[in-house]
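The block underneath contains the structure these notes are about, expressed in structure tokens.
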Amino acid sequence: MDNGETGADRLDFIREIIRSDKADGTHAEIVTRFPPEPNGYLHIGHAKSICLNFGAAEEFGGRCHLRFDDTNPIKEELEYIDSIQEDVRWLGFDWGENLFFASDYFEQLYQWAEALIEAGKAYVDDLSAEEIRAYRGTLTEPGRESPYRDRGVEENLDLFRRMRRCEFADGARVLRAKIDMAAGNINLRDPVLYRILHAHHPRTGDAWCIYPTYDFAHGQSDAIESITHSLCTLEFEGHRPLYDWLVDNLPVPSRPRQIEFARLNLNYTVMSKRRLLELVQEGQVKGWDDPRMPTLSGMRRRGFPPAAIRDFADRVGVAKRDSVVDVALLEHCVRTDLNHQAERRMGVLRPLKVVIENYPEGREEELEAVNNPEDPAAGTRMVPFSRELYIERDDFMEDPPKKFFRLAPGREVRLRYAYFITCREVVKDADGNVTELRCTYDPETRGGDAPDGRKVKATLHWVSAVHAIPAEVRLYDHLFTRPDPGADGSLLDDLNPNSLVVLDGCRLEPALAGLSAGELVQFERLGYFCVDPDSTPDRPVFNRTVTLRDTWAKVKARG
RNA sequence: UGGGGCGUCGGCAAGUGGUAAGCCACCGGUCUUUGGAUCCGGCAUUCGCAGGUUCGAAUCCUGCCGCCCCAGCCA
């Protein structure tokens, strides 16, 4: 373990419950589960749940199941089942043999439904959806009982069996639990257990035309799998009494406990599947794996290491308070991980030509550069140097303000791992734009140090013009301009028009050629970048994963 | 004038009657061939508010106030 010192023995309230249940013998083995519905791609919010469920199980020597909550065929697809498994694995977790589907339990669930009918605790209701809503009452008024509520067991059984045999149309009837239409908790006002859906299910095909609701499937599925702690988000708190009612009134093989925690919210982004889907469908982003998306596939493409996401989940903690976490914390976790693992390279995003007037034409040499100052084992590489170079346009100012200590007319700076150079002349085009810098170098400073001990205040990254490889670089920023997108008005109004900036004509050092998709590097002084899948051997494409901390940008912004 | 939750630093979050951890952010400084990293220091006399109990309260009691969730045959 790398960290964990901070609060090493401080457990969140859920782990505290688990610890206690194990200590007092309530449970000999801890079993949790991550239960996504296969109706979309996983996002960073799911990552919190995955890390909690798999993490806690592992910490207490138990196991965690991956269970697809596929009870609504209308929204679910095989594509999502596949992507979810890929994402969970990528995050670093392994469910082993414990892959399950709520649909595997459809027959058992059906049998339990009949048992409930036989016990007089469920009935078939002929009311329409609208009527059921009207009969349910409101938050402050009790509901009314359905006229079909007191049907006899035989009639209910007959009707329910015919529902299964697909004798009725969608919506014609439902199976309801008989609990209490006057309950303060609306979830207890005879909740729907089964509905008729003539829909093709991604796994059971056309075997069924009635499907259990979430409420009728979840707790029982947990019980079947011997889940000890069923962790879910806060909005299910009101469902817990129903969860318990079902588990208590059915002959299930175990007694799981539901515990709720706050879902993850991040500023400058949205997390709801509905809104993410909108962004994809309206073409605001290029897909679920657009590097700006908070999806795991987007973050993977962006270059976020899974270890950084796990670290983030740890640092965010688990509690019951509604909260919004600063995306800066996520970025910090990404930088911390990458700082240790990413090799350094030089790349110029916005090239400005520099000609070293006193460097012989046609001559070239190779200079040794450190691959990763954080990791000596990463070794060194050779970087070609010649008379014509490119430096970053941002690293030169003709009329620099006081705190700018990069290149300027008459000023001397260091080219990293190379020489000190001094700017002698600024060449401009007819419009007055700087097109080239004429400089001289000091041969005595090879490698970056001056024998006479003189210092320079800046070190610039650079690339040799003839040796450089051209590349496309994509820069990303927050998808939205405000921390709470859509808070007052349309979500689209808050879209950040500069969330993606594509730079063409970037110039990279030769060592950056031939990398494969997903490889991560630091471009010195600029940030961490990874190779995008769009990359081809003659057309490298890099994504900027995250910038480096930029103190100068802050100083500059302050004026 | 229903039911269920939650209110501790700008953002997360420990704390469970003994006198406010930590992290991110931010602000200084050190160091530096990345204005990166590192290292050092600063950052809640106060825990939604008001009373009360107590030698002692963020922690217990009472009353207010605020925010979130629930009226899908979604999950």
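Numbered from 1 within each chain, the chains take letters A, B, ... in sequence-line order.
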Atom-to-atom span, [atom1] of [X] to [atom2] of [N] - whole angstrom:
| X | N | atom1 | atom2 | answer |
| --- | --- | --- | --- | --- |
| A/Trp245 | B/G3 | CH2 | P | 22 Å |
| A/Glu260 | B/C70 | CD | C1' | 13 Å |
| A/Leu329 | B/G10 | CG | C1' | 14 Å |
| A/Phe261 | B/C12 | CZ | P | 17 Å |
| A/Asn187 | B/C74 | CG | C1' | 13 Å |

*Going by a 90° cut-off around 0, is B/G35 syn or anti?*
anti

Output the single nucleotide from [options] whose closest atom is nearest the side chain of [X].
| X | options | result |
| --- | --- | --- |
| A/Glu235 | B/C69, B/G36, B/C73 | B/C69 |
| A/Arg549 | B/A37, B/U34, B/C74 | B/A37 |
| A/Ile186 | B/A13, B/G36, B/C70 | B/C70 |

Ring centers of [X], [Y] separated by less than 6.0 Å:
| X | Y | value |
| --- | --- | --- |
| A/Trp462 | A/Phe385 | yes |
| A/Phe523 | A/Phe542 | yes |
| A/His218 | A/Tyr214 | yes |

*Under the criterion ring-ring contact (aromatic ring centres under 6.0 Å, His included), which of A/Phe106, A/Phe68, A/Trp208 is the partner of A/His201?*
A/Phe106

Applying a 4.0 Å non-hydrogen cut-off, can you work out what [X] is touching in the nucleic acid: base, sugar-phosphate, or nothing?
| X | result |
| --- | --- |
| A/Pro373 | base |
| A/Thr138 | base |
| A/Leu127 | base |
| A/Val318 | sugar-phosphate |
| A/Tyr211 | nothing |
| A/Arg558 | sugar-phosphate |

Taking N or O atoms only and anything under 3.5 Å, show me the protein contacts with nucleotides 5-8 of chain B, one pair per line.
{"residue": "B/G5", "atom": "O2'", "partner": "A/Glu237", "partner atom": "OE1", "Å": "3.3"}
{"residue": "B/G5", "atom": "O2'", "partner": "A/Glu237", "partner atom": "OE2", "Å": "3.3"}
{"residue": "B/U8", "atom": "OP2", "partner": "A/Arg321", "partner atom": "NE", "Å": "3.3"}
{"residue": "B/U8", "atom": "OP2", "partner": "A/Arg321", "partner atom": "NH1", "Å": "2.4"}
{"residue": "B/U8", "atom": "O4", "partner": "A/Arg321", "partner atom": "NH2", "Å": "3.4"}

Report the base-pairing partner of [N] (Watson-Crick or G-U wobble, both distances below 3.5 angstrom), or none.
| N | value |
| --- | --- |
| B/G2 | B/C70 |
| B/U30 | none |
| B/C49 | B/G63 |

*Is the distance from OP1 or OP2 of B/C73 to the nearest side-chain N or O of A/Arg136 less than 4.0 Å?*
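Yes.
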
*Using a strict 4.0 Å threshold on nitrogen-to-oxygen distance, state whether A/Glu412 and A/Arg454 make a salt bridge.*
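Between A/Arg454 and A/Glu412 there is a salt bridge, with a charged N closer than 4.0 Å to a carboxylate O.
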
*asked:* Tell me whether the side-chain N or O atoms of A/Arg335 pair up with the base of B/G36 as donor and acceptor below 3.5 Å, since no angle test is needed here.
replied: no

*Measure distances between side-chain N and O atoms of A/Gln522 and base N and O atoms of B/U34, and say whether any donor-acceptor pair falls under 3.5 Å.*
yes

*Which heavy atom in A/Glu76 sits nearest to a heavy atom in A/Thr71, and how many Å separate them?*
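Scanning both residues, the minimum pair turns out to be OE2-N, 3.5 Å.
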
Mind listing the side-chain donor-acceptor pairs of residues 175-182 of chain A below 3.5 Å, one per line with the distance, residues two or more places apart or on another chain?
{"residue": "A/Arg176", "atom": "NE", "partner": "A/Asp125", "partner atom": "OD2", "Å": "3.2"}
{"residue": "A/Arg176", "atom": "NH1", "partner": "A/Asp190", "partner atom": "O", "Å": "2.8"}
{"residue": "A/Arg176", "atom": "NH2", "partner": "A/Asp125", "partner atom": "OD2", "Å": "3.0"}
{"residue": "A/Lys178", "atom": "NZ", "partner": "A/Arg149", "partner atom": "O", "Å": "3.3"}
{"residue": "A/Asp180", "atom": "OD1", "partner": "A/Ala182", "partner atom": "N", "Å": "2.8"}

Is there any protein nitrogen or oxygen under 3.5 Å from a nitrogen or oxygen in nucleotides 46-49 of chain B, and what are the pairs?
none

_Between A/Arg315 and A/Ala313 (side chain of the first, backbone of the second, donor and acceptor by atom type, cut-off under 3.5 Å), is there such a pair?_
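No; zero donor-acceptor contacts below 3.5 Å.
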
*Report the C-alpha separation of A/Tyr123 and A/Tyr148 in whole Å, then their side-chain angles, then the decisive distance to 0.1 Å, and conclude whether the ring pair (Phe, Tyr, Trp, His ring centres under 6.0 Å) test is met.*
CA-CA 8 Å; A/Tyr123 63 96; A/Tyr148 303 98; 8.8 Å; no

*asked:* Check the SG atoms of A/Cys439 against those of A/Cys423: under 2.5 Å or not?
replied: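 Their SG atoms do not fall under 2.5 Å; no disulfide, then.
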
*Carefully, step by step, assess A/Leu548 and A/Gln522 under the rule side-chain contact (heavy atoms from CB on, under 4.5 Å).*
CA-CA 9 Å; A/Leu548 254 28; A/Gln522 180 192 102; 3.8 Å; yes

